[in-house]
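Each remark here refers to the structure printed beneath this line.
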Number of protein chains: 2
Amino acid sequence: MSNKGDILNKLTQQGYRITPQRIMILEAVEDAENHISAEEIYIFVCARYPNVNISTVYRTLELLKELELVTETDFGDGRVRYHSIKKGHHHHLVCQKCGGIIDVDESVFAPLRESLSGKYGFEADIHHLAIFGTCKKCK
Amino acid sequence: MSNKGDILNKLTQQGYRITPQRIMILEAVEDAENHISAEEIYIFVCARYPNVNISTVYRTLELLKELELVTETDFGDGRVRYHSIKKGHHHHLVCQKCGGIIDVDESVFAPLRESLSGKYGFEADIHHLAIFGTCKKCK
DNA sequence: ATTGCAGCTGCGAATTGTTGCATCTACATA
DNA sequence: TATGTAGATGCAACAATTCGCAGCTGCAAT
Ligand SMILES: [Zn+2]
Ligand SMILES: [Zn+2]
Ligand SMILES: [Zn+2]
Ligand SMILES: [Zn+2]
């Protein structure tokens with residue numbers, strides 16, 4: 001479940017339609033080297049397929065998120081960013097002093113998830129968090 | 001550092017001014033039983049002191065947040081909410097199916113904080129999070 | 001009590017993201 | 001291939017928050 005064809009199949013199987021807009025938005029996220037914002041996706045798509053509406057970008061991202069094909073993260077700079085799930089689950093430690101970002105594996109959050117599950121029966125849906133704080137250098 | 005006078009002193013000490021707007025916005029947050037939104041604070045303040053501007057509410061909340069006198073949390077309903085720090089650090093588990101909210105003490109996050117500190121030397125600044133997922137009933 | 005001015009406020013406009021609705025279209029069915 | 005329709009799109013209105021700026025004011029120093 002990691003290439004474009006598989007993702008399009010998954011859409012079809014769930015009763016969603018394949019549209020040119022969706023294909024291009026998907027490509028934008030998949031091709032992005034890094035986390036990409038809705039606005040950046042919009043610019044990318046418009047370059048080849050003008051007249052796409054920004055609200056379609058937002059709605060498509062919402063859909064891809066529900067289907068767990070992309071993850072969304074708020075890095076605190078007033079703009080949410082997206083990642084293809086292909087790149088695996090992970091999290092980011094954002095230093096509020098130097099702006100540096102440390103990537104961490106999701107396994108670091110496993111004990112927290114287990115603790116919430118054990119104590120409260122709550123299944124936390126933590127896929128792609130940004131945690132703010134102070135890094136080693138800035139302490 | 002938990003009553004209004006102390007907070008006003010803290011403002012003065014840091015070179016900020018005491019204004020009627022700030023006093024009333026502070027009271028609104030302190031008196032609120034629960035998390036309160038900027039809009040609700042605005043309505044509360046306007047009732048006694050008309051002509052306060054909503055942007056002053058946002059700016060004051062920004063200031064109080066910087067001074068660590070209030071915490072901000074996004075419950076995912078399109079509107080950020082605030083809490084007086086007087087009520088202590090805690091977090092919320094938000095069920096995405098039934099909308100229910102479970103309050104949890106910040107101690108649940110202590111192992112995570114220690115783990116991030118130990119492995120990465122990163123001091124996480126986690127005061128008031130909303131964690132999304134599925135509650136026991138909705139599983 | 002008066003003065004000076006850095007900091008604060010109100011106002012209106014801009015920005016960012018969401019929503020309602022009329023129209024359009026992908027695609028299942030015949 | 002033609003048709004019906006649920007699902008998708010574009011557009012414009014809307015909602016939440018931020019910003020620029022001119023004028024106002026708390027308060028420290030006189
Ligand atoms: Zn990431
Ligand atoms: Zn740093
Ligand atoms: Zn809270
Ligand atoms: Zn639930």
Side-chain angles (χ1 to χ4, degrees), chain A residues 4-5 7-29 35-43 45-46 48-67 69-70 72-82, chain B residues 4-5 7-29 35-46 48-67 69-70 72-82 130:
Chain A
K4 209 177 76 182
I7 292 176
L8 296 181
N9 284 341
K10 181 160 182 175
L11 281 176
T12 306
Q13 281 158 25
Q14 313 235 343
Y16 298 106
R17 291 187 190 158
I18 310 301
T19 66
Q21 289 92 333
R22 284 182 176 168
I23 292 173
M24 301 202 78
I25 292 166
L26 192 52
E27 280 176 359
V29 181
H35 307 87
I36 188 169
S37 70
E39 187 67 23
E40 287 164 346
I41 293 170
Y42 175 63
I43 290 165
V45 172
C46 273
R48 287 185 291 161
Y49 186 97
N51 303 325
V52 186
N53 198 275
I54 186 77
S55 57
T56 300
V57 175
Y58 281 109
R59 283 188 283 227
T60 300
L61 288 169
E62 189 62 29
L63 174 63
L64 294 175
K65 211 171 65 183
E66 269 166 32
L67 297 176
L69 298 171
V70 305
E72 181 188 76
T73 299
D74 181 357
F75 284 89
D77 62 346
R79 170 172 326 207
V80 163
R81 289 196 161 74
Y82 299 86
Chain B
K4 208 177 75 183
I7 291 175
L8 296 181
N9 285 341
K10 182 161 184 176
L11 282 175
T12 307
Q13 281 157 26
Q14 313 237 344
Y16 298 107
R17 292 188 189 157
I18 310 302
T19 67
Q21 289 91 333
R22 285 182 176 170
I23 292 172
M24 302 200 78
I25 291 166
L26 191 52
E27 281 176 357
V29 182
H35 307 87
I36 188 169
S37 70
E39 186 69 22
E40 286 164 345
I41 293 170
Y42 175 65
I43 290 166
F44 179 91
V45 172
C46 274
R48 287 185 290 164
Y49 187 98
N51 302 326
V52 186
N53 198 276
I54 186 78
S55 55
T56 300
V57 175
Y58 280 108
R59 283 188 285 227
T60 300
L61 288 169
E62 188 62 28
L63 175 63
L64 295 174
K65 212 171 64 183
E66 268 166 32
L67 297 177
L69 297 170
V70 305
E72 181 188 76
T73 298
D74 182 358
F75 285 89
D77 62 346
R79 169 176 327 207
V80 163
R81 290 196 161 74
Y82 300 86

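Below, chain A is the first sequence line, B the second, and so on; all start at residue 1.
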Nearest whole angstrom, please: distance from the [atom2] of [N] to the [atom1] of [X].
X	N	atom1	atom2	answer
B/Gln14	D/dA28	CD	P	15 Å
B/Glu72	D/dA16	CD	P	15 Å
A/Tyr42	C/dG17	OH	C1'	14 Å
B/Asn53	C/dA13	CG	P	13 Å
A/Leu63	C/dT18	CG	P	14 Å
A/Leu61	C/dT19	CG	C1'	17 Å
A/Glu62	C/dG17	CD	P	13 Å
B/Asp74	C/dT16	CG	C1'	14 Å

- Message: If I take atom OG1 from residue B/Thr56 and atom CE from residue B/Met24, how far apart are they, to the nearest 0.5 angstrom?
- Response: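 That separation rounds to 13.5 Å.
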- To the nearest 0.5 Å, how far apart are CG in B/Leu61 and CG in B/Leu26?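 Those atoms lie 10.0 Å apart.
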From [options], pick the nucleotide closest to the side chain of [X]?
X	options	result
A/Arg17	D/dT17, D/dA8, D/dT25	D/dA8
A/Tyr16	D/dA28, D/dA8, D/dT9	D/dA8
A/Ser55	D/dG10, D/dT17, C/dC11	D/dG10

- Is the base of C/dG17 touched by the side chain of A/Arg79 through a donor-acceptor pair closer than 3.5 angstrom?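 No.
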- Quick one: the side chain of B/Arg22 and the base of D/dG26, do they pair up donor-acceptor inside 3.5 Å?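 Looking at the base of D/dG26, it does not pair with any donor or acceptor on the side chain of B/Arg22 (distance under 3.5 Å).
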- Item | Stepwise side chain to side chain contact (heavy atoms under 4.5 Å, CB included) check, B/Thr60 with B/Gln21 | CA-CA 9 Å; B/Thr60 300; B/Gln21 289 91 333; 5.6 Å; no
Any side-chain N or O of [X] less than 4.0 Å from the OP1 or OP2 oxygen of [N]?
X	N	result
A/Thr19	D/dT9	yes
A/Tyr58	C/dG17	yes
B/Gln21	C/dG10	yes

- Could B/Glu62 and B/Arg59 be called an ion pair, given the rule that one side-chain N must be under 4.0 Å from one carboxylate O? no
- Going by heavy atoms in the side chains, are A/Ile54 and A/Glu39 under 4.5 Å from each other?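 Yes, side chains in contact.
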- B/Pro20 or A/Glu39, whichever maps to the more 5' nucleotide of DNA chain C: B/Pro20
- Task: Give one of base, sugar-phosphate or nothing for A/Ile54, where a contact means two heavy atoms less than 4.0 Å apart.
- Result: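 Result for A/Ile54 = nothing.
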- Query: Between B/Arg59 and B/Gly78, who's closer to the 5' end of DNA chain D by nearest nucleotide?
  - Reply: B/Gly78
